[in-house]
Amino acid sequence: MRESVIEKYLVKQVKALGGEVRKVQWVGHRGAPDRLVMLPDRFATNPYPMWFKPITVWVELKATGVAPEAHQLREHDRMRSMGQRVEVIDSIEAVDRLLA
């Protein structure tokens with residue numbers, strides 16, 4: 001499946017949950033994820049109001065069956081070592097798993 005089809009589905013599903021998706025460009029950092037998914041979590045507490053805590057996920061979109069390149073994997077590992085959540089999404093089912 002083409003990356004653009006998966007991206008459209010991701011955006012539609014995130015918006016249905018009250019979230020937002022941002023396309024990101026990184027200056028001087030090849031391989032960084034290209035999307036930021038922001039979701040509300042209505043069951044979390046502090047430091048936000050009792051009903052709201054945001055959830056952010058960096059998403060690398062790929063066409064089905066296309067693996068991230070080595071430089072992308074290195075950048076994802078760097079981000080994860082800093083406590084960031086990074087997911088590689090290459091299918092509609094992977095979007096559904098992310099948002100479950």
Determine, using the 4.5 Å side-chain heavy-atom cutoff (strictly less than), whether [X] and [Y] are members of one ILVMFWY cluster.
X	Y	value
Ile55	Val14	yes
Val88	Val59	no
Ile89	Val66	no
Val57	Met79	no

Any chance you could measure [X], atom [atom1], to [Y], atom [atom2], to the nearest 0.5 Å?
X	Y	atom1	atom2	result
Met38	Thr56	CE	OG1	9.0 Å
Gln84	Leu36	CD	CG	9.0 Å
Glu87	Arg97	CD	CZ	9.5 Å
Arg80	Trp58	CZ	CH2	13.5 Å
Glu60	Glu69	CD	CD	9.0 Å
Ile92	Met1	CD1	CE	4.5 Å

Worksheet item: With no hydrogens and no angle check, do the side chains of Lys8 and Gln13 hold a donor and an acceptor under 3.5 Å apart?
Response: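 Short answer, no.
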Give me the atom names and distance for the closest heavy-atom approach of [X] to [Y].
X	Y	result
Val86	Pro33	CG1-CG, 3.8 Å
Arg85	Leu98	NH2-CD1, 3.4 Å
Pro68	Leu73	CB-CD2, 3.8 Å
Ile6	Lys62	CD1-O, 3.5 Å
Leu61	Asp34	N-OD1, 3.4 Å
Leu39	Gly19	CD2-CA, 4.2 Å

Answer whether the closest heavy-atom distance between the side chains of [X] and [Y] falls below 4.5 Å.
X	Y	value
Leu17	Leu99	yes
Met82	Arg78	no
Arg22	Arg35	no

Worksheet item: Distance-only, no hydrogens or angles: does the Thr64 side chain make a donor-acceptor pair with backbone N or O of Ser91 under 3.5 Å?
Response: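 Judged by distance alone, no pair lies under 3.5 Å.
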Worksheet entry | Ion pair Glu75/Arg30, N-O distance below 4.0 Å | no
